[in-house]
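Heads up: the structure comes next, in structure tokens.
Heavy atoms only: backbone and side chains are in, while hydrogens, waters and symmetry mates are out.
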Amino acid sequence: MRILGIDPGLQTTGFGAIETEGPLLHYAASGTIKTKEAAQGDLPSRLKLIFEGVREVVARYEPEQASVEIVFVNVNPQSTLLLGQARGAAIAGLLASPTSPQVSEYTALQMKKAVVGHGHAAKAQIRHMVMRLLNLPREPNNDASDALGLAICHAHAGHAMAQMAKATELTRRTHAQIKGGRVY
């Protein structure tokens, strides 16, 4: 099975494809989609480049499944909104492809735990472990290693999550109640 990981970013979106053969992981491809050719303030053009870049990656590598990083709420709300739009363009690119893969989502913490073993790993640790797990000759750049890490995370956790979904009906929480400052 081929899994594509996407690490969305407004300036640089990383992608990484791996193939799984039982418990074995094999490197297929990795790289980045850069939006620097669009003007700094031209958000629609940047989002279009991300959308088209992801569609091209899906067309080239034909993944069966994809994993995308979930955006965390940053200190700067404007940055969080912009990153969310880049993420939306990447997911739209995945789903708009003729061979639309099944899309899963993971947080950076989940990816770091799956790849390094703890959720507060540094970028250098992620790069090194991705290199070791996929038997690469050298470390990939940060964006590509995060994307490969997301694919590895899905390879490790995706099967277990699917088994849990079969065993019990999973429902997504659509709202939360706030009582006394706590979310229930």
Could you state the interatomic distance from [atom1] ([X]) to [atom2] ([Y]), rounded to the nearest 0.5 Å?
X     : Y      : atom1 : atom2 : result
Glu64 : Leu4   : CD    : CG    : 12.0 Å
Gln11 : Ile33  : CD    : CD1   : 14.5 Å
Gln65 : His154 : CD    : NE2   : 3.5 Å

What closest approach, in Å, do [X] and [Y] show between heavy atoms, and which atom pair accounts for it?
X      : Y      : result
Thr32  : Ala144 : CG2-N, 4.5 Å
Val115 : Ile126 : CG1-O, 4.4 Å
Leu148 : Gly16  : CD2-CA, 3.5 Å
Asn142 : Ser145 : O-OG, 3.0 Å

Side-chain donor-acceptor pairs of residues 91-102 under 3.5 Å, sequence neighbours excluded:
residue, atom, partner, partner atom, Å
Ser97, OG, Gly93, O, 2.9

In terms of hydrophobic clustering (I, L, V, M, F, W, Y; side-chain heavy atoms under 4.5 Å; direct or indirect links), are [X] and [Y] co-clustered?
X      : Y      : answer
Ile152 : Phe15  : no
Tyr106 : Val130 : yes
Leu25  : Met1   : yes
Leu47  : Leu82  : yes
Leu150 : Met129 : yes

Using the salt bridge (Lys or Arg N to Asp or Glu O under 4.0 Å) criterion, which residues pair with Arg127? Sequence neighbours excluded. Glu139

With sequence neighbours left out, what residues match [X] under side-chain hydrogen bond (donor to acceptor under 3.5 Å, both in side chains)?
X      : answer
Lys123 : Asp146
Thr35  : Arg46
Asn141 : none

Would you list the atom pairs, donor with acceptor, under 3.5 Å between side chains in residues 52-61 and any protein atom, with sequence neighbours excluded?
none

Any side-chain heavy-atom pair from Thr13 and Ile6 closer than 4.5 angstrom? yes

Quick one: salt bridge (Lys or Arg N to Asp or Glu O under 4.0 Å) pairs with a partner in residues 14-35, sequence neighbours left out? Arg2-Glu19

Sequence neighbours excluded, every pair satisfying side-chain hydrogen bond (donor to acceptor under 3.5 Å, both in side chains) that has a member inside residues 79-89: Asn76-Ser79, Arg87-Glu105

Around atom NE2 of His118, are there more than 12 heavy atoms of other residues, nucleotides or ligands at under 6.0 Å? yes

By side chain to side chain contact (heavy atoms under 4.5 Å, CB included) - contacts of Ala151 (at least two apart): Ile3, Ile18

Residues clustering with Val71 (ILVMFWY side chains joined when closer than 4.5 Å, directly or via others): Leu83

